[in-house]
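Taking it in order: structure first as structure tokens, then the write-up.
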Amino acid sequence: MKYEEIEKRVKEKNELERVLRKHIDKKLKMLMDGGFGKQESYQMLSGKVVDFRTLMRWHTGETMRPSTFEKLMGLIEDET
């Protein structure tokens with residue numbers, strides 16, 4: 001794989017991760033402000049895409065396997 005291709009993939013991944021973090025931060029704050037607990041909020045956010053603990057670990061900064069990260073990308077919603 002060429003350097004340019006690697007650089008492009010890393011930039012795309014970082015952008016998707018930034019968007020997902022923004023979505024999760026916003027929704028988590030709304031749920032917790034609404035009186036839900038932290039774990040309960042993560043459970044609602046993760047749905048059936050991934051286990052809520054996986055989402056919680058990723059959100060707090062733990063690195064994930066590429067396959068897990070791809071599952072998390074299913075949580076991104078279009079902002080239209």
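Keep in mind it's a predicted model, so treat the numbers as computed, not measured. Keep in mind that the numbers below use all heavy atoms, side chains included, and drop hydrogens, waters and symmetry copies.
- Contact check for F36 versus Q43: no side-chain heavy atoms found under the 4.5 Å cut-off.
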Donor-acceptor list for residues 66-73 side chains, cut-off 3.5 Å, not counting sequence neighbours:
none

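- Between H59 and D25, some side-chain heavy-atom pair lies under the 4.5 Å cut-off.
- Looking at heavy atoms from C-beta onward, V49 lies out of side-chain contact with L55 at the 4.5 angstrom threshold.
- Under the 4.5 angstrom side-chain criterion for Ile, Leu, Val, Met, Phe, Trp and Tyr, the cluster partners of V10 are M1, I6.
- A search for ring-ring contact (aromatic ring centres under 6.0 Å, His included) contacts involving F52 returns nothing, not counting sequence neighbours.
- In this structure R18 satisfies the salt bridge (Lys or Arg N to Asp or Glu O under 4.0 Å) test together with E15, sequence neighbours excluded.
- K29 pairs by the side-chain contact (heavy atoms from CB on, under 4.5 Å) definition with D33, not counting sequence neighbours.
- Rounded to the nearest 0.5 angstrom, M30 CE and M44 CE are separated by 11.0 Å.
- Y3 belongs to no multi-residue hydrophobic cluster, having no ILVMFWY side-chain contact under 4.5 Å with any other such residue.
- With sequence neighbours excluded, the residues satisfying side-chain contact (heavy atoms from CB on, under 4.5 Å) with M32 are L28, K38, S41.
- Scored by the salt bridge (Lys or Arg N to Asp or Glu O under 4.0 Å) test, K27 finds E77 as partners (sequence neighbours excluded).
- Put simply, OG1 on T54 and CZ on R65 are 9.0 Å apart, with the number rounded to the nearest 0.5 Å.
- Around CD of E40, the count of heavy atoms belonging to other residues, nucleotides or ligands within 6.0 Å exceeds 12.
- Sorted by first and then second residue, the pairs that involve residues 41-58 and meet salt bridge (Lys or Arg N to Asp or Glu O under 4.0 Å), not counting sequence neighbours, are D51-R53, R57-E62.
- The closest side-chain heavy-atom distance from V50 to W58 is not below 4.5 Å.
- Applying the salt bridge (Lys or Arg N to Asp or Glu O under 4.0 Å) rule to pairs touching residues 2-13 yields K13-E17, sequence neighbours excluded.
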